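Below is one structure, written out as structure tokens; comments come after it.
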Amino acid sequence: MIIDKLFNSVKEKGHVCVGLDTSLDYIPDWFKKRYVSLEDLIFEFNKVIIDTTLDISACYKVQIAYYEAHGINGVKAYKKTLEYLRSKNSIIIADIKRGDIADTAKMYARAHFEGDFESDFITINPYMGLDSIEPYLPYIENKNKGIFTLVRTSNKGAEDIQYIIDKNGKRVFSIVAEKINGISEKYIGKSGYSSIGAVVGCTHIDEGRELRERCEKMFFLIPGYGAQGGTAKDVAILLKNGNGGIVNSSRGILLAYKKYENGESDFGKYARQEVLKMKEDILNAVQI
Ligand SMILES: O=c1ccn([C@@H]2O[C@H](COP(=O)(O)O)[C@@H](O)[C@H]2O)c(=O)[nH]1
């Protein structure tokens with residue numbers, strides 16, 4: 001199952017998931033001058049980041065919004081990036097946060113688990129209910145695909161809805177976790193984790209602790225490290241025996257070069273340096 005590939009990738013390369021949220025604002029001017037087309041520019045920037053981080057990153061999360069924002073040329077860069085990652089046998093998480101009625105979800109599943117935009121995992125918003133998740137299940141069962149379902153997101157506003165309490169005193173995120181955990185039990189791989197994972201931000205440690213205990217077999221996609229304030233210590237709470245989660249950083253890695261004088265001339269080198277630092281930081285926190 002795909003989750004076993006991810007589990008082994010963490011074991012071999014560490015917990016870092018490089019976030020390819022490639023905003024044009026992040027690309028140094030000298031690099032921009034080298035490419036006429038937006039498609040080539042975004043893809044070539046990503047290629048440098050991928051080439052310099054591949055051996056030390058568990059996987060890549062490609063945030064589709066940064067590509068869709070540029071229309072057809074952005075989407076072409078997205079496709080090329082996925083193809084390149086696949087050619088390197090890297091694990092791809094498409095951060096698309098889809099959620100819709102079953103018939104529409106079937107089309108989303110086909111769009112992102114097959115064809116031009118094929119990826120290994122996609123992110124799902126479960127707000128429309130469990131029937132909105134069902135169309136992805138055949139891909140998990142038969143096509144070696146996986147999903148990460150939003151459970152406890154990293155943003156401040158998450159509390160507006162995810163903290164609402166039901167008549168039994170349970171919060172919405174907790175109920176979502178319970179329901180998804182139930183479905184996930186059917187898709188457990190050799191690693192002991194399910195190909196249905198959860199998005200749990202590392203910016204709220206109490207809920208993190210609760211979720212880690214209750215969703216033992218769910219692998220976590222953990223955003224919020226670095227730019228959003230999450231630390232390796234916070235991340236460690238969401239891991240289990242040194243595995244069980246991948247930690248995303250997007251701006252922290254793509255913009256690492258900005259911390260150095262003339263850093264833009266070798267942004268790939270600084271991205272690698274940042275991944276190495278993050279990897280060590282998390283490994284140290286896990287071992288404490
Ligand atoms: O709860 C969530 C779910 C997803 N995200 C996404 O992760 C990255 C975070 O980027 P940074 O630059 O490392 O902050 C981005 O793609 C978000 O859309 C999240 O932040 N929180």
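FYI, side chains are in, hydrogens and waters are out, and symmetry mates aren't considered; it's all heavy atoms of this structure. It should be emphasised that the depicted structure is a prediction, and the values quoted were computed from it without experimental measurement. All ligand and atom numbering here is 1-based and tracks the order in the structure.
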**Message:** With side-chain hydrogen bond (donor to acceptor under 3.5 Å, both in side chains) as the criterion, how do Asp51 and Tyr84 come out once you've worked through the C-alpha distance, each side chain's angles and the decisive distance to 0.1 Å?
**Reply:** CA-CA 10 Å; Asp51 288 343; Tyr84 188 66; 2.5 Å; yes
**Prompt:** Against heavy atoms of Asp21, which atoms of ligand 1 measure under 4.0 Å?
**Reply:** 8 (C), 10 (O), 15 (C), 16 (O)
**Prompt:** Using a heavy-atom cut-off of under 4.0 Å, does the side chain or the backbone of Thr123 touch ligand 1, or both, or neither?
**Reply:** neither
**Prompt:** Between Tyr78 and Tyr67, is the gap from one ring center to the other below 6.0 Å?
**Reply:** yes
**Asked** For the residue pair Asp21 and Ser250, what are the closest heavy atoms and their distance?
**Response** OD1-OG, 3.0 Å
**Message:** Quick check: Tyr26 with Phe267 (ring centres under 6.0 Å apart)?
**Reply:** no
**Prompt:** What part of Arg251 sits under 4.0 Å from ligand 1 if we count only heavy atoms: the side chain, the backbone, both or neither?
**Reply:** both
**Message:** How close do Thr52 and Gly268 get, counting heavy atoms only, and between which atoms?
**Reply:** OG1-O, 3.3 Å
**Asked** Tell me, which protein residue and heavy-atom name are nearest atom 20 (O) of ligand 1, and how many Å apart are they?
**Response** Gln228 NE2, 2.8 Å
**Message:** Under 4.0 Å from a heavy atom of Ser154: which atoms of ligand 1 are those, numbered in the order shown and with their elements?
**Reply:** 1 (O), 2 (C), 19 (C), 20 (O), 21 (N)
**Message:** For atom 17 (C) of ligand 1, what's the nearest protein heavy-atom neighbour? Residue, atom name and distance, please.
**Reply:** Gln63 NE2, 4.0 Å
**Prompt:** So which heavy atom in the protein is nearest atom 13 (O) of ligand 1, and how far is it from that ligand atom?
**Reply:** Ser250 N, 2.9 Å
**Element-labelled atoms of ligand 1 that are located less than 4.0 Å from some non-hydrogen atom of Thr153** = 1 (O)
**Item:** Check: Tyr225 N/O within less than 3.5 Å of ligand 1 N/O
**Value:** no
**Message:** Against ligand 1, does Ser249 come closer than 4.0 Å with any heavy atom?
**Reply:** yes
Side-chain donor/acceptor pairs under 3.5 Å, residues 10-17, sequence neighbours excluded:
unit_1: Lys13; atom_1: NZ; unit_2: Leu54; atom_2: O; d: 3.2
unit_1: His15; atom_1: NE2; unit_2: Gly242; atom_2: O; d: 2.8

**Prompt:** Is the closest heavy-atom distance from Arg152 to ligand 1 below 4.0 Å?
**Reply:** no
**Asked** Without hydrogens or angle criteria, can the side chains of Asp234 and Thr231 be said to hold a donor-acceptor pair below 3.5 Å?
**Response** yes
**Request:** Measure the distance from atom 4 (C) of ligand 1 to every protein heavy atom, then report the residue, atom name and distance (to 0.1 Å) of the closest one.
**Result:** Lys97 NZ, 3.3 Å
**Prompt:** Is the distance between the ring centroids of Phe31 and Tyr35 less than 6.0 Å?
**Reply:** yes
**Asked** Of all the non-hydrogen atoms in the protein, which one sits nearest to atom 7 (O) of ligand 1, and at what distance?
**Response** Lys61 NZ, 3.3 Å
**Prompt:** Is there a heavy atom of Asn248 sitting under 4.0 angstrom from any atom of ligand 1?
**Reply:** yes
**Request:** Search all heavy atoms of Ser119 against all heavy atoms of Ile92 and return the closest pair with its distance.
**Result:** CB-CG2, 3.8 Å
